[in-house]
Chemist: 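The structure that follows is given in the form of C-alpha cells.
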Amino acid sequence: MKIFFALAALLWNVSPCWAQGGLPAAANRVSGVPHAESKTFRILRPGTMSIIARDPQTGELGVAVESHFFSVGPVCPWAEAGVGAVATQAIAEPLYGQLGLEMMRYGKDAPAVLKALLAADSASEIRQVAMIDARGNVGAHTGSKITPAAGHLIGTNYSVQANTMSSEKVWPAMARAFERNKGDLADRLLAALEAGQEAGGDIRGQQTAAIIVVNGTSTGRPWEDRIFDLRVEDSPQPITELKRLVRLQRAYRFTLKGEDLASQKNWDQAISSSRKAVELAPEKEELRYNLATVLLQAGRDEESLPVFRQIFREHPIWVEITKRNVISGDLPNDPPRIQRVLDQAVVGDRK
C-alpha cells in the first residue's frame with residue numbers, strides 16, 4: 001500500500017501527507033468549504049447519477065453523468081484513451097480523476113487504484129467514486145455518509161452509481177438499460193442516463209449533464225482521441241440536450257471526414273460522408289453548404305445547384321461567404337461555374 005503513495009508523491013509532488021495515508025489539505029475542500037465544518041455545504045452537495053464503461057469490441061472508454069448541480073462536466077467525469085475512466089461524485093474530489101488516471105497509466109488496475117486512493121482519503125465516507133481501466137477491470141465505492149438513496153452496481157465492463165436519488169430503483173434501471181442497448185458506447189451511456197431519469201432520477205430534479213468517450217488506444221494526440229466531450233451546464237432537460245449535442249457531434253465528425261476525403265479526391269466517399277452529416281443534422285445549414293461545395297468540387301455541379309439554391313434562399317449570407325471562399329481558394333476559381341452557383345440566389349428570390 002505504501003508503494004502506491006510513495007509513487008504518487010514522486011509523480012505529482014503533492015503534500016507529504018500522501019505517504020502518511022492522507023490526501024492533501026485541499027482534497028478535503030470543495031469551493032474552499034471544509035466538508036466536516038459546513039452543514040450548509042452538506043445540504044447543498046450535488047446529487048449525481050453516472051455510468052463508467054468500456055466497449056469490449058472497440059476498447060472505447062466512457063463516462064456519462066447527470067446531476068442536479070451546476071456544471072457537473074468539469075468535476076465528475078474523467079477519461080483517457082488507452083488508460084481508463086473515472087467518475088467522482090457526492091462530495092466530488094477531482095484528485096480521484098487526476099491521480100486515478102495517472103496511476104492506471106503506470107499499469108495499476110482500477111480496483112487497486114481506487115482502494116489506494118480511498119485509504120489515503122480521510123473523507124472517503126462522503127465520496128462516491130467509480131473507476132474502470134483499459135482492460136475492463138472495475139472498482140466502485142459508495143461512502144456510508146452519502147445522502148440516500150445511494151448505491152452502485154458493478155457489471156461486466158461497467159459500473160453505475162448514484163446518490164440523492166428518488167429511490168433505490170435508479171441505478172439498477174441504469175444497469176439494465178446499458179446491458180440491453182445495442183448501440184455504440186455513447187448510445188449505451190445515454191440510454192443508461194435516460195433509464196435512470198425514467199426511474200425517478202435525482203429527487204430534486206434535473207440540471208446538468210456530461211459525456212466523455214475516448215478511443216481504446218492512445219494516438220499520442222489527446223484532442224484526436226476524444227470522440228465525445230460534451231457538457232450541458234444548466235438546463236431543465238439536460239439529458240435531452242446532451243443527446244442533441246451527441247447527434248450534432250456525430251454529424252460534424254462526418255463532415256470533417258468528408259473534407260479529409262475530398263482533400264484526397266476520394267469523391268464518392270467524401271460525398272457519402274457529407275450526406276450522412278446532413279441526414280443527422282439537416283437543421284445546420286453549414287453542413288448542407290459543405291455538401292454542396294463537395295459536390296461542386298467533385299464536378300457534380302447539377303447536383304450541387306439545388307442545395308446552394310435552398311441555402312441561399314434560407315440564409316442569404318452564404319452568397320457572400322461563397323464569394324469569399326473563391327478568394328480563399330476553398331472553392332474553384334472558375335468564373336462561369338461560380339456564377340451559376342451565385343445565380344441560384346436569384347432563382348431562390350424568384351421562388
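Values reported hereafter were calculated over all heavy atoms of this structure, with side chains retained and with hydrogens, waters and symmetry mates removed.
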Chemist: If you measure from the Lys or Arg side-chain nitrogens to the Asp or Glu carboxylate oxygens, is any gap between Glu283 and Arg288 under 4.0 Å?
Modeler: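 No, Glu283 and Arg288 are not salt-bridged.
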Chemist: Return the set of residues passing side chain to side chain donor-acceptor pair (under 3.5 Å) with Gln264 (not counting sequence neighbours), or none when no residue passes.
Modeler: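 Testing Gln264 for side chain to side chain donor-acceptor pair (under 3.5 Å), a comparison that skips the adjacent residues, returns none.
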Chemist: Between Asp268 and Arg300 (salt bridge meaning N to carboxylate O under 4.0 Å), is one present in this structure?
Modeler: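 So Asp268 pairs with Arg300 through a salt bridge.
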Chemist: What closest approach, in Å, do His68 and Gln207 show between heavy atoms, and which atom pair accounts for it?
Modeler: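 Heavy-atom minimum between the residues: C-OE1, 3.6 Å.
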Chemist: Just checking, is any N or O donor in the side chain of Glu233 or Thr208 under 3.5 Å from an acceptor N or O on the other one?
Modeler: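 Their side chains do not contain a donor-acceptor pair, so the 3.5 Å distance test is not met.
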Chemist: Between Arg188 and Glu179, is the closest basic N to carboxylate O distance under 4.0 Å?
Modeler: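 No, Glu179 and Arg188 are not salt-bridged.
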Chemist: Please check if the side chain of Gln206 supplies one atom and the backbone of Gln237 the other of a donor-acceptor pair under 3.5 Å.
Modeler: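 No, Gln206 side chain to Gln237 backbone: no donor-acceptor pair under 3.5 Å.
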Chemist: Could Glu279 and Arg275 be called an ion pair, given the rule that one side-chain N must be under 4.0 Å from one carboxylate O?
Modeler: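 Judged by the 4.0 Å cut-off on N to carboxylate O distance, Glu279 and Arg275 do not form a salt bridge.
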Chemist: Salt bridge check, Asp121 against Arg127: does any charged N sit closer than 4.0 Å to a carboxylate O?
Modeler: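 Looking at Arg127 and Asp121, the cut-off is met.
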Chemist: Compute whether any side-chain donor of one residue and acceptor of the other, for Ser328 and Asp330, lie under 3.5 angstrom apart.
Modeler: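 Asp330 and Ser328 do have a side-chain donor-acceptor pair below 3.5 Å.
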Chemist: Take Asp343 and Arg340, measure what salt bridge (charged side-chain N to carboxylate O under 4.0 Å, His left out) needs, and give me the verdict at the end.
Modeler: CA-CA 5 Å; Asp343 286 346; Arg340 286 192 71 198; over 6 Å; no
Chemist: Any chance you could measure Glu60, atom CD, to Arg54, atom CZ, to the nearest 0.5 Å?
Modeler: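 If we round to the nearest 0.5 Å, Glu60:CD and Arg54:CZ are 10.5 Å apart.
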Chemist: Is there a path of hydrophobic side-chain contacts, each under 4.5 Å between heavy atoms, that joins Leu101 and Phe228?
Modeler: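 No, it is not one cluster - the side chains of Leu101 and Phe228 are not joined through contacts under 4.5 Å.
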Chemist: Do the side chains of Lys243 and Glu194 get nearer than 4.5 Å, heavy atoms only?
Modeler: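 A side-chain contact exists here, since the closest heavy-atom pair is under 4.5 Å.
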Chemist: Under a 4.5 Å side-chain heavy-atom rule over Ile, Leu, Val, Met, Phe, Trp and Tyr, are Ile338 and Val307 clustered together?
Modeler: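 In one cluster with Ile338: Val307, yes.
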Chemist: To the nearest 0.5 Å, what is the distance between CG on Asn163 and NE2 on His152?
Modeler: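 If we round to the nearest 0.5 Å, Asn163:CG and His152:NE2 are 12.5 Å apart.
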Chemist: Side-chain contact, heavy-atom cut-off 4.5 Å: Leu342 with Lys323?
Modeler: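 When only atoms from C-beta onward are counted, Lys323 and Leu342 do touch, with a gap below 4.5 Å.
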Chemist: Mind checking what makes salt bridge (Lys or Arg N to Asp or Glu O under 4.0 Å) contact with Arg250, not counting sequence neighbours?
Modeler: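 Arg250: salt bridge (Lys or Arg N to Asp or Glu O under 4.0 Å) contacts with Asp184, Asp187.
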Chemist: Search all heavy atoms of Ala191 against all heavy atoms of Ala177 and return the closest pair with its distance.
Modeler: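 Scanning both residues completely, I find the closest heavy atoms to be O-CB, 3.6 Å.
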Chemist: What verdict does the side-chain hydrogen bond (donor to acceptor under 3.5 Å, both in side chains) test give for Glu302 and Ser304, after you've listed the backbone C-alpha separation in whole Å, the side-chain angles of each residue and the deciding distance to 0.1 Å?
Modeler: CA-CA 5 Å; Glu302 297 305 319; Ser304 75; over 6 Å; no
Chemist: Output, in order, the C-alpha distance, side-chain angles, deciding distance and verdict of side-chain hydrogen bond (donor to acceptor under 3.5 Å, both in side chains) for Glu241 and Ser235.
Modeler: CA-CA 8 Å; Glu241 176 62 8; Ser235 170; 5.9 Å; no
Chemist: Which atom names give the shortest non-hydrogen contact between Leu287 and Ala277, and what distance separates them?
Modeler: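 Result for this residue pair: CD1-O, 3.8 Å.
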Chemist: Among residues at least two apart in sequence or on other chains, which ones pass side chain to side chain donor-acceptor pair (under 3.5 Å) with Ser144?
Modeler: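 Once residues adjacent in sequence are excluded, the partners of Ser144 under the side chain to side chain donor-acceptor pair (under 3.5 Å) criterion are Glu125.
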Chemist: Under the rule for salt bridge (Lys or Arg N to Asp or Glu O under 4.0 Å), what residues qualify as partners of Asp301, not counting sequence neighbours?
Modeler: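 Applying salt bridge (Lys or Arg N to Asp or Glu O under 4.0 Å) to Asp301 gives Arg337.
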Chemist: What verdict does the side-chain contact (heavy atoms from CB on, under 4.5 Å) test give for Leu118 and Leu114, after you've listed the backbone C-alpha separation in whole Å, the side-chain angles of each residue and the deciding distance to 0.1 Å?
Modeler: CA-CA 6 Å; Leu118 288 170; Leu114 179 58; 3.8 Å; yes
Chemist: Testing the basics here: between Met104 and Asp133, what is the closest heavy-atom pair and its distance to 0.1 Å?
Modeler: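 Shortest heavy-atom contact: SD-CB, 3.6 Å.
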Chemist: I'd like to know if the side chain of Ser273 reaches the main chain of Phe254, judged simply by a donor and an acceptor atom lying under 3.5 Å from each other, with no hydrogens or angles considered.
Modeler: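 Flag set: sc Ser273 to bb Phe254 pair under 3.5 Å.
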Chemist: Could you give the distance from CD (Glu80) to CD (Gln98), rounded to the nearest 0.5 Å?
Modeler: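 Spacing of CD (Glu80) from CD (Gln98) equals 11.5 Å.
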Chemist: Rounded to the nearest 0.5 Å, what separation is found between the CD atom of Glu303 and the CG atom of Leu295?
Modeler: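 Glu303 atom CD to Leu295 atom CG measures 5.5 Å (nearest 0.5 Å).
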Chemist: Cluster question for you: counting only ILVMFWY and a side-chain heavy-atom cut-off of under 4.5 Å, with indirect links fine, are Met131 and Val72 together?
Modeler: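 Different clusters.
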Chemist: State, yes or no, whether a side-chain contact exists between Ile211 and Val246 at a heavy-atom distance under 4.5 Å.
Modeler: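 They are in contact (side-chain heavy atoms under 4.5 Å apart), so the answer is yes.
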Chemist: Please report the interatomic distance SG(Cys76) to CZ(Arg231), rounded to the nearest 0.5 Å.
Modeler: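 Cys76 SG to Arg231 CZ: 11.0 Å, rounded to 0.5 Å.
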Chemist: Please report the closest heavy-atom contact between Val170 and Met165, naming both atoms and the distance.
Modeler: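 Distance-wise, the nearest heavy atoms are CG1-SD, 3.7 Å.
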Chemist: Among side-chain atoms of Glu286 and Tyr252, is any donor-acceptor pair under 3.5 angstrom?
Modeler: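 Checked: Glu286/Tyr252 side chains pair up, N/O donor to acceptor below 3.5 Å.
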Chemist: To the nearest 0.5 angstrom, please state how far the CD atom of Gln89 sits from the OG1 atom of Thr142.
Modeler: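 The CD atom of Gln89 sits 8.0 Å away from the OG1 atom of Thr142.
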Chemist: So, Gln161 and Ser159: side-chain donor and acceptor under 3.5 Å apart, yes or no?
Modeler: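 Gln161 vs Ser159: donor-acceptor pair found between side chains.
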Chemist: Between the side chain of Thr255 and the main-chain N/O of Ser274, is any donor-acceptor distance below 3.5 Å?
Modeler: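 Checking the backbone N and O of Ser274 against the side chain of Thr255, no donor-acceptor pair under 3.5 Å is found.
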Chemist: Do Leu230 and Leu280 belong to the same hydrophobic cluster, where Ile, Leu, Val, Met, Phe, Trp and Tyr are linked whenever their side-chain heavy atoms lie under 4.5 Å apart, directly or via other members?
Modeler: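 No.
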Chemist: What I'd like to find out is whether the side chain of Val160 reaches to under 4.5 Å of the side chain of Ser50, using heavy atoms alone.
Modeler: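 When only atoms from C-beta onward are counted, Ser50 and Val160 do not touch, as no gap falls below 4.5 Å.
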Chemist: Quick check: is Ile146 connected to Met49 through a chain of hydrophobic side chains (ILVMFWY, heavy atoms under 4.5 Å apart)?
Modeler: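 No, separate clusters.
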Chemist: Only one of Thr293, Val294, Asn290 passes side chain to side chain contact (heavy atoms under 4.5 Å, CB included) with Glu259; say which it is.
Modeler: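 Among Thr293, Val294, Asn290, the one that satisfies the side chain to side chain contact (heavy atoms under 4.5 Å, CB included) with Glu259 is Asn290.
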Chemist: Does Asn215 use its side chain to pair, donor to acceptor, with the backbone of Ser218 at less than 3.5 Å?
Modeler: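 Here the side-chain-to-backbone pair does not exist.
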Chemist: With clusters built from Ile, Leu, Val, Met, Phe, Trp and Tyr whose side-chain heavy atoms come within less than 4.5 Å, directly or transitively, what are the remaining members of the cluster of Ile132, listed by chain and number?
Modeler: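 Its cluster partners, ordered by chain and number, are Ile52, Leu61, Val63, Val138, Ile154, Ile212, Val214.
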Chemist: Under the side-chain contact (heavy atoms from CB on, under 4.5 Å) rule, what do Arg135 and Asp109 come out as? Steps first, then yes or no, please.
Modeler: CA-CA 8 Å; Arg135 297 178 297 278; Asp109 65 71; 3.7 Å; yes
Chemist: Walk me through whether Phe178 and Leu185 qualify under side-chain contact (heavy atoms from CB on, under 4.5 Å).
Modeler: CA-CA 9 Å; Phe178 180 77; Leu185 185 58; 4.1 Å; yes
Chemist: I need the full list of ring-ring contact (aromatic ring centres under 6.0 Å, His included) pairs touching residues 262-303, with sequence neighbours left out, sorted by first then second residue.
Modeler: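 Qualifying pairs: Tyr289-Phe308, Tyr289-Trp318.
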Chemist: Which is it for Leu193 and Leu242 under the side-chain contact (heavy atoms from CB on, under 4.5 Å) test, yes or no, and what are the steps along the way?
Modeler: CA-CA 10 Å; Leu193 289 188; Leu242 190 61; 4.3 Å; yes
Chemist: If you look at every heavy atom in Ala281 and Leu248, which pair is closest and at what distance?
Modeler: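 Between these two residues, the closest heavy atoms are CB-CD2, 3.6 Å.
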